[in-house]
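The structure under discussion appears below in the form of structure tokens.
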Amino acid sequence: MRLDKFTKLFPIHFSGAPFEDPQDYLDHCHEVLLNMGIVETNGVNFVVFQKTGSAKRWWRDYVLTRPYGSPSLTWDRFSQLFLEKFIPFTLREKYRRQFERLQWGGITVTQYETRFMDLARHAVVLIPTERERVRRFIDGLTFSIRLQMAKEAEDDISFQRAVDTARRIEMVRGQERGPVSDKRPHYFGSFSGASCGVRGTFDRGHPPRPFQSALQAFHGASV
């Protein structure tokens, strides 16, 4: 496998800049290498050519400090070193804790799925199988939707099927309720789902649920 062919198929570079997503870059690298069948044979050697700026300097320093004759890095070991450098352990743990507490609240199923997938990338150890991913996704849904998905929670279905089922239930419930004058959610609380103790306006006679703050706000504060 020639390097020039790889670079044509994989034009993305990584410099270590604050606006770049290290996990997204690493996931994309692995996907391309896996499709080419070179994850363990040339994966690490080829990917390092896609680094620029501080990321390239970090890799050069690491290579220079390695003992002479050290064995080649496996992809798993390279991934571990890369994440330790560009996503600090404390931040990865924070993502994992947020994933464990993630619950639906005042948002659409599609928005909930987006947050679920964003945080799930940092909590792979918590969802080692497709079935566990599905179970955690359903557990975070609102009770009424979760109740109607009891069968899906027990069956061995795909993650996408679980998401599509939740969307259909949400759509039917919306049709049953009919139009309302103010569709904005009246929910308060933290992203984790814990109530902040503030009572909001009642919506059609039901008490407000905790509202989870947007994931984008967290990313903005963490950069």
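All values below come from the heavy atoms of this structure, side chains included, with hydrogens, waters and symmetry mates left out. We're numbering straight along the sequence, starting at 1.
Through direct or relayed side-chain contacts under 4.5 Å between Ile, Leu, Val, Met, Phe, Trp and Tyr, Phe143 connects to Leu147. Summarising the hydrophobic clusters (Ile, Leu, Val, Met, Phe, Trp, Tyr; side-chain heavy atoms under 4.5 Å, direct or chained), the residues clustered with Leu64 are none.
Taking CD1 of Ile107 as the reference point, atom OG1 of Thr114 lies at 8.5 Å (rounded to 0.5 Å). The distance from atom CD of Glu152 to atom OG1 of Thr165, rounded to the nearest 0.5 Å, is 4.5 Å. Taken from CG in Asp139 to CE in Met149, the straight-line distance is 10.5 Å, to the nearest 0.5 Å. The CD1 atom of Ile157 sits 13.5 Å away from atom CZ of Arg135, with the distance rounded to the nearest 0.5 Å. Note that CD1 of Ile38 and CZ of Phe46 are 5.0 Å apart. Values are rounded to the nearest 0.5 Å. Rounded to the nearest 0.5 angstrom, Leu141 CG and Glu170 CD are separated by 9.5 Å.
Looking at Phe159 and Glu113, their side chains come closer than 4.5 Å, going by heavy atoms from C-beta outward. Taking 4.5 Å as the limit, some side-chain heavy atom of Leu81 sits within range of a side-chain heavy atom of Leu73. Counting only heavy atoms from C-beta outward, the side chains of Thr142 and Arg173 approach each other to under 4.5 Å.
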Exercise. Assess whether side chain to side chain contact (heavy atoms under 4.5 Å, CB included) is satisfied between Leu26 and Phe86, documenting all intermediate values.
Key: CA-CA 11 Å; Leu26 191 64; Phe86 295 104; over 6 Å; no
Practice problem: Report the C-alpha separation of Lys51 and Tyr25 in whole Å, then their side-chain angles, then the decisive distance to 0.1 Å, and conclude whether the side chain to side chain contact (heavy atoms under 4.5 Å, CB included) test is met. | Solution: CA-CA 11 Å; Lys51 290 180 173 53; Tyr25 169 79; 4.1 Å; yes
Quiz item: How far apart are the C-alpha atoms of Gln23 and Asp27, what are their side-chain angles, what is the distance that settles it, and do they pass the side chain to side chain donor-acceptor pair (under 3.5 Å) test?
Solution: CA-CA 6 Å; Gln23 185 70 58; Asp27 291 344; 3.0 Å; yes
Practice problem: Check step by step if side chain to side chain contact (heavy atoms under 4.5 Å, CB included) holds for Met117 and Val163. | Solution: CA-CA 11 Å; Met117 296 301 294; Val163 173; over 6 Å; no
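For Arg161, the salt bridge (Lys or Arg N to Asp or Glu O under 4.0 Å) test picks out no residue, with sequence neighbours left out. Every residue two or more places apart in sequence or in another chain was checked for a side chain to side chain donor-acceptor pair (under 3.5 Å) with Glu100, and none qualifies. For the salt bridge (Lys or Arg N to Asp or Glu O under 4.0 Å) test, residues two or more places apart in sequence or in another chain that qualify with Glu93 are Arg96.
Under a hydrophobic clustering in which Ile, Leu, Val, Met, Phe, Trp and Tyr are joined whenever their side-chain heavy atoms come within less than 4.5 Å, directly or via other members, Val47 and Leu34 fall into the same cluster. Phe78 and Val63 end up in the same hydrophobic cluster when Ile, Leu, Val, Met, Phe, Trp and Tyr side chains are linked at under 4.5 Å.
A side-chain N or O of Gln160 and one of Asp164 form a donor-acceptor pair less than 3.5 Å apart. Between the side chains of Ser15 and Glu20, a donor-acceptor pair is found at a separation under 3.5 Å. Side-chain contact annotation: Gln80 with Asp76, donor-acceptor N/O pair under 3.5 Å absent.
If you run ring pair (Phe, Tyr, Trp, His ring centres under 6.0 Å) between Phe82 and each of Tyr62, Phe14, Trp59, Trp75, only Phe14 comes through. Remark: of the listed residues Arg168, Arg167, Met171, Arg167 is the sole one forming a side-chain contact (heavy atoms from CB on, under 4.5 Å) with Val109.
In terms of heavy-atom proximity, Thr74 sits nearest to Val44 at O-CG2, 3.9 Å. For the pair Ser54 and Gly16, the tightest heavy-atom approach, listed with the atom from each and the gap, is OG-CA, 3.9 Å.
Among pairs with a residue in residues 55-67, none fulfils salt bridge (charged side-chain N to carboxylate O under 4.0 Å, His left out), at least two apart in sequence or across chains.
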